[in-house]
Amino acid sequence: MAIAIKPVGGLTPANIGESLRRKPDLKGALFQFVMLFSLSISIGVLVVLLYTVVSDAWPVLSTRLGDFVTGTLAPDAGRAGISQGLKGTFYLCVIVAIVAFPLGIAAAIYLEEYAPRTRLSSFIEVNIRNLAGVPSVVYGILGLAIFVNGWGISALTGGRSPLAGGLTLAALVLPVVIITTQEAIRAVPSALREAGFGVGATKWEVIKDHILPYAAPGILTGTLLSIARAAGEAAPLLLVGTITGFISNSPGWFDVRQVQDKFAAMPTIITSWAKQPEEGFRVENAAAAIVVLVAFVILLNSAAILLRNRFEAKRAG
Amino acid sequence: MTKEQFERNDGKGESMDVLQIARPVAAATSDAEVTDNPTVLALKDLSVFYGDFRAVRGVTVDVRDNEITAMIGPSGCGKSTVLRSINRMNDLIPGARVEGDLKFHGVDLYDAKVDPVEVRRRIGMVFQKPNPFPKSIFDNITYGPKIAGVPKSEFEAIVEKSLRRAALWDEVKDRLDESALGMSGGQQQRLCIARAIATSPDVLLMDEPCSALDPIATGMIEDLMQEIKSRYTIVIVTHNMQQAARVSDRTAFFTAEADSENDRRTGVLVEYDRTERIFSNPADIRTENYVTGRFG
């Protein structure tokens with residue numbers, strides 16, 4: 001007579017097995033499928049792109065990769081190389097790093113830690129976000145007007161030079177650097193701030209000893225990714241005036257005087273070659289240059305990830 | 001203590017000595033029953049605002065030397081707000097301000113000449129959730145002394161002394177170089193106490209220090225408080241009435257009620273007395289209801 005199982009919500013020993021049975025979840029399965037499909041499309045596009053580029057570039061990569069990387073811009077497709085473009089892009093990145101990183105990080109620290117929350121500060125914040133979305137060609141016009149032709153500034157930059165281009169790209173990535181740094185600073189737990197203030201640290205000490213070290217991985221990732229973006233930008237450099245055809249000077253890698261001289265850059269070389277009628281330039285050389293540029297950007301990104309992991313390991317103790 | 005001592009000094013360790021001199025001998029005998037210890041913190045008709053919102057009002061409390069003062073009350077009664085205004089932690093919140101008197105050894109802590117950084121060196125704080133720095137155990141403790149300008153040669157002694165007082169030395173003495181984040185929650189909280197006393201503060205503020213800990217770790221922290229109260233004046237905010245009854249000498253009971261000036265609820269001090277009176281024979285019916293569990 002005793003009840004063996006206490007009924008739960010209308011359950012009886014007779015129907016409990018049926019009620020616990022797994023039922024098909026069609027909506028859930030469909031949702032999962034749609035997500036997977038979206039992912040496959042993204043990856044598929046990437047794979048097709050890489051495959052096309054590498055197969056187009058294969059005649060160059062397989063026969064004369066060394067010469068291609070060390071060679072100079074030449075009218076003959078079989079002899080043309082990209083060393084000037086690599087040097088140009090390298091110096092552009094260095095200039096971006098030197099100019100945009102300190103400025104952007106400092107601006108973000110001020111906005112997050114010091115700026116009073118007023119209408120003016122939120123107006124500035126919104127506009128930094130807007131600036132991050134401004135098309136890069138607009139920065140090219142700015143660079144042309146100020147860094148190439150600007151009165152007094154052109155004497156410093158040497159006109160159409162890596163310096164002018166680098167400053168233009170620095171202006172382009174500056175909003176991104178500021179925003180990513182701000183986000184990294186915001187992610188610092190308030191408990192850590194309180195701990196610092198609680199033992200009698202000044203604001204500056206809390207920022208220097210706790211907030212920046214904790215935010216470092218995030219800041220680093222954001223800034224290095226912004227360099228990768230700068231390295232791939234063609235439009236502003238076309239306006240600033242990189243050389244895309246034949247260029248006579250080919251200084252050594254570490255001859256810093258070239259930052260005030262005529263220059264070429266990888267993205268603009270690629271755009272210019274891709275427009276050539278000759279197949280050796282349009283297909284093979286352009287694709288090979290793309291492969292080298294992509295490799296360069298992947299290298300930068302890997303460095304960002306490695307450094308971030310190291311900082312994070314340090315943060316976790 | 002004179003006013004000058006709170007103004008920003010050159011941070012060369014002088015501040016540490018001042019506190020040692022200023023400390024009166026603890027009333028160790030039964031005299032404590034008859035004569036009250038000297039007042040360390042005097043809160044008089046204190047109100048704390050966040051912008052236009054008055055979070056708590058009418059707080060009059062004398063915190064006495066070498067005693068543990070507990071602040072209890074339901075959520076939103078402003079007890080943590082009061083605690084955080086004592087070491088000017090509320091300064092970090094934009095729009096926070098106080099009205100009324102808050103005197104530390106007779107000096108108005110909200111005087112324009114007072115440096116909040118100096119205040120926090122003398123009035124240390126332990127937070128609700130253990131918040132060690134993501135550094136080694138050793139560096140956690142020496143950070144406060146380091147920024148206060150204490151010479152490096154004294155660090156080892158400070159670390160040992162602080163960890164011993166926090167009843168943590170035997171557990172961690174062989175792994176001082178390891179990250180503090182690898183410790184258990186209870187150990188982390190004792191490390192935070194050790195870190196707070198490493199700067200030789202006068203007062204320790206504890207904001208629900210055991211709410212994230214299990215009963216065993218809680219017991220250790222409570223024992224620790226009893227041991228160190230001969231050296232420090234402690235103010236603790238707690239949700240746990242039994243804890244207040246167990247550890248404190250005096251208890252302040254807060255509650256939240258409708259503000260006459262707007263329709264939001266504001267915290268108010270109901271009663272402040274010796275702990276045994278608050279729990280056995282409170283003067284206010286609201287206190288009685290709360291401590292007997294009929295409300296809150």
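Labels below follow one simple rule: chain letters A, B, ... track the order of the sequence lines, proteins then strands, and each chain is numbered from 1.
- B:Tyr50 and B:Thr81 form a side-chain donor-acceptor contact under 3.5 Å, judged by distance and modelled atom types alone.
- Within a 6.0 Å sphere centred on CZ of A:Phe123, heavy atoms belonging to other residues, nucleotides or ligands number 12 at most.
- Residues A:Ser121 and A:Thr118 are in side-chain contact: their nearest non-hydrogen atoms beyond the backbone lie under 4.5 Å apart.
- The contact between B:Phe133 and chain A is made by backbone and side chain atoms together, counting heavy-atom distances below 4.5 Å.
- Side-chain contact check for B:Asp202 and B:Tyr232: no donor-acceptor pair (N or O, by modelled atom type) lies under 3.5 Å.
- Of the residues considered (A:Ala191, A:Ser190, A:Pro189, A:Pro116), A:Ala191 shows the highest number of contacts with chain B, using heavy-atom pairs under 4.5 Å.
- The part of B:Lys135 that comes within reach of chain A is its side chain, from C-beta onward, which places non-hydrogen atoms under 4.5 angstrom from that chain.
- Here B:Met89 is the residue among B:Met89, B:Met125, B:Arg88 with the most heavy-atom pairs under 4.5 Å with chain A.
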